[in-house]
Amino acid sequence: MASFGLQQRTASVTHVEERPGCSSRCLQLIQGHWHTRAHGARGVATASERRRVAPLRPSAASTDVVCFDDSHELKGRQAAAAPPALDKVGVLLLNLGGPETLKDVKPFLFNLFADPEIIRLPQAVQFIQPLLASIISTLRAPKSAEGYKAIGGGSPLRKITDDQAYALATALRAKGQAANVYVGMRYWHPYTEEALEHIKRDGVTRLVILPLYPQFSISTSGSSLRLLESLFKSDRALKQLRHTVIPSWYQRRGYVCAMADLIVQELRKFKDVPSVEVFFSAHGVPKSYVEEAGDPYKEEMEECVRLIMEEVRTRGFNNTHTLAYQSRVGPAEWLKPYTDDSIRELGRRGVKSLLAVPISFVSEHIETLEEIDMEYRELAEESGIHNWGRVPALNTNTAFIDDLADAVLEALPYVGCLAGPTDSLVPLGDLEMLLQAYDRERRALPSPVVMWEWGWTKSAETWNGRIAMLAIIIILVLEASSGQSILKNLIWAE
């Protein structure tokens, strides 16, 4: 796996010590301040609550970092701790990953469904998760492969993310900060584990972890951070690596303006601009994540859309807009309104022109190129919406990359210290501290795909039996139609 950027030898480094520099007293005060000032009763602030404490924060374009410490303790540490002779800065970009060829589709899906953040099983039967992931990936692979075939035979996500890494390293160097930028994918190459091995080999001394998801969610950034947490805890070298996390950045001025630029650019292509509905389509998450677990995704998404539309209006465009959620799977209820239902409703209301805005995606991939461009466009035409436009993903947009570079520079001085309060619902900070703070109000999460209820209740026994019988029937049908032993292949497949 390639990293992008240069390394720079420096005589001195301004930084905050990792855990020695952020004492237990510091952590307690920060967590208490973040919880009481930026959170409501359930542990997640509402938009109105965060606006009420707005005087405590800087503008959306900056990061306000607070590290409580006694002045005499800080002076003593500054005198005793000499900065390293060689300062190597690294940036780790986190993303989902995607199959690069049609042959990759099935193993990619296996990795996805083998993630306990995606499908949660009762602890007593977690050992069957690999088998379950094999069955689901086998059943879903043919349909998924059709989608990837329609966009050229594979996901462009790796190439685009590599391009973003190179552009970010270039932007940082132009601002006077040499840095290596690494790419770590959650479910495909280059895996997060591969990226961390390169980071260790390169001798990075300060690391900024930057998920390429503007809004934080348990199922995206959260899953990647959980993996990182386990990898950091199990590796002696990584335990000593001074690092910080930027969990979400939807509110940054540069990102908001970059999105507004693209929207205005596409609006001008319509003949009747005022009649165009600006349609934000975001990736969905299970409703229970938000209502039961306090996932800030919905709150951040709504505020993100509000900020972008405010910026669009300052440029003289007063179009109405809709926010909807796509890509739901399984029988569980996901965030509403759903994208397909919303398109049909707009058609019934007489809307004839629609500009689709993929809001939770910063790179083109199957959900923009196939789901939005093909499936939803066809649905829009069937619903009477004949004038269609789509805002491209940011990819390596200059304003967007420049703002990410600023975010990295703002985070660097605070490696190892929890930041807050900011305009983000999730604080910037050290990985372990961040997850500790978030976990204080986190409940056990239900699966987005409801598998079964475990236990000896009558209802549980009924459903366990039905699902087991359904699984057996499916396997028998597959075996009968293919002439092969599916179960044997699943168990012994490498």
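These numbers come from the heavy atoms of this one structure, side chains and all, not from hydrogens, waters or symmetry mates.
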Would you please test E370 and R377 for salt bridge (Lys or Arg N to Asp or Glu O under 4.0 Å) and show each step?
-> CA-CA 10 Å; E370 196 271 338; R377 180 171 186 170; over 6 Å; no
Intermediate values then yes/no, side-chain contact (heavy atoms from CB on, under 4.5 Å), L394 and F361 | CA-CA 8 Å; L394 288 164; F361 316 103; over 6 Å; no
Before giving the answer on salt bridge (Lys or Arg N to Asp or Glu O under 4.0 Å), spell out for R306 and E302 the whole-Å C-alpha distance, their side-chain angles and the decisive distance to 0.1 Å.
-> CA-CA 6 Å; R306 180 185 66 80; E302 291 174 351; over 6 Å; no
Step by step, would you call K106 with T138 a side-chain contact (heavy atoms from CB on, under 4.5 Å)?
-> CA-CA 7 Å; K106 181 180 174 181; T138 297; 3.3 Å; yes
Can you list the steps and then say if E371 with S327 is a side-chain hydrogen bond (donor to acceptor under 3.5 Å, both in side chains)?
-> CA-CA 8 Å; E371 194 170 359; S327 308; 2.8 Å; yes
Could you walk me through whether K175 and D402 pass the salt bridge (Lys or Arg N to Asp or Glu O under 4.0 Å) test, one step at a time?
-> CA-CA 9 Å; K175 294 175 182 290; D402 189 70; 3.0 Å; yes
Before giving the answer on side-chain contact (heavy atoms from CB on, under 4.5 Å), spell out for H321 and F279 the whole-Å C-alpha distance, their side-chain angles and the decisive distance to 0.1 Å.
-> CA-CA 6 Å; H321 72 277; F279 189 89; over 6 Å; no
Starting from the C-alpha separation in whole Å, work towards a yes-or-no answer on side-chain contact (heavy atoms from CB on, under 4.5 Å) for L132 and F113.
-> CA-CA 8 Å; L132 188 62; F113 292 113; over 6 Å; no
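For the 3.5 Å distance criterion, the side chains of S363 and Q164 qualify, holding a donor opposite an acceptor. Of the N and O atoms on the side chains of D340 and Y376, not one donor lies less than 3.5 Å from an acceptor on the other residue. Looking only at atom types and distance, the side chain of S281 has a donor-acceptor partner in the side chain of T339 under 3.5 Å away. A donor-acceptor contact closer than 3.5 angstrom links the side chains of T322 and E277.
Side-chain contact between L92 and L210: absent, with no pair of heavy atoms (C-beta onward) separated by less than 4.5 Å. A 4.5 Å side-chain heavy-atom check between L225 and V245 finds at least one atom pair inside the cut-off. Counting only heavy atoms from C-beta outward, the side chains of V357 and M259 approach each other to under 4.5 Å. Two residues are said to be in side-chain contact when any heavy atoms from C-beta on lie closer than 4.5 Å; L335 and V290 meet this criterion. Between Y166 and D162 there is no side-chain heavy-atom pair separated by less than 4.5 Å. Side chains of R206 and L241 form no contact here, defined as non-hydrogen atoms less than 4.5 Å apart. Taking the side chain as every heavy atom from C-beta outward, N387 and F270 approach each other to under 4.5 Å. Residues E333 and P286 fail the side-chain proximity criterion, which asks for heavy atoms closer than 4.5 Å.
Residues D403 and R253 are not paired through a salt bridge, judged by the lack of any N-O separation under 4.0 Å between the basic side chain and the carboxylate. Salt bridge R390/D373: present, at least one basic N to carboxylate O contact under 4.0 Å. Between E311 and R315, at least one side-chain N (NZ, or NE/NH1/NH2) sits under 4.0 Å from a carboxylate O, which counts as a salt bridge. Electrostatic pairing of K200 and D235 counts as a salt bridge here, judged by a charged N lying under 4.0 Å from a carboxylate O. E364 and K159 are not joined by a salt bridge, as no carboxylate oxygen comes within less than 4.0 angstrom of a charged side-chain nitrogen.
Listed for the E193 side chain is no donor-acceptor partner under 3.5 Å among the backbone atoms of L231. With N95 contributing its side chain and G97 its backbone, the two residues share no donor-acceptor pair below 3.5 Å. Judged purely by atom type and a 3.5 angstrom limit, S221 has no side-chain atom pairing as donor or acceptor with the backbone of P211. Looking at Q251, its side chain never comes within 3.5 Å of a backbone N or O of C304 through a donor-acceptor pair. Not a single donor-acceptor pair under 3.5 Å links the side chain of S223 to the backbone N or O of S219. Panel note: side chain K239, backbone K233; a donor-acceptor pair is recorded below 3.5 Å. D295 places a side-chain N or O within donor-acceptor distance of the main-chain N or O of Y297, the cut-off being under 3.5 Å. With hydrogens and angles disregarded, no donor-acceptor distance shorter than 3.5 Å links the side chain of D87 to the backbone of T205. Side-chain N or O atoms of Q326 include one that pairs as donor or acceptor with a backbone N or O of E367 at under 3.5 Å. Counting only distance, with no hydrogens or angles, the side chain of D104 and the backbone of T101 share a donor-acceptor pair below 3.5 Å.
Listed here is the closest heavy atom pair of L267 and V273: O-CG2, 3.3 Å. The two residues A141 and V105 have their closest heavy-atom pair at O-CG1, 3.9 Å. Residues A293 and I218 approach most closely at CB-CD1, 3.9 Å, considering heavy atoms. The shortest heavy-atom contact between R344 and S383 is CA-OG, 3.8 Å. The two atoms that bring V204 and G90 nearest to each other are CG1-N, 3.6 Å, heavy atoms only. Shortest non-hydrogen contact noted between V285 and S217 is CG1-OG, 3.6 Å.
Once rounded to the nearest 0.5 Å, the distance linking CD of E303 with OH of Y250 reads 4.5 Å. Here L355 contributes atom CG and Q265 contributes atom CD; the two are 10.5 Å apart, rounded to the nearest 0.5 Å. For the atom pair OG (S224) and CG (L93), the distance works out to 11.5 Å, reported to the nearest 0.5 Å. Between I263 atom CD1 and I359 atom CD1 the span is 6.5 Å, to the nearest 0.5 Å. Taking OG from S134 and CD1 from I128, the interatomic distance works out to 11.5 Å, rounded to the nearest 0.5 Å. One distance of note links CZ of R201 with NE2 of H198; it measures 4.5 Å at 0.5 Å rounding.
The aromatic ring centroids of H283 and Y213 lie 6.0 Å or more from each other. The distance between the ring centers of Y325 and W334 does not fall below 6.0 angstrom.
Ring pair W249/F400 is tilted by interplanar angle, where 30° to 60° counts as tilted.
The only member of N180, L207, L172 that meets side chain to side chain contact (heavy atoms under 4.5 Å, CB included) when paired with V91 is L172.
For the pair R186 and Y191, the cation-pi criterion (under 6.0 Å, within 45° of the ring axis) is not fulfilled.
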Name the atoms and distances for all side-chain donor-acceptor pairs under 3.5 Å in residues 145-153, with sequence neighbours left out.
none

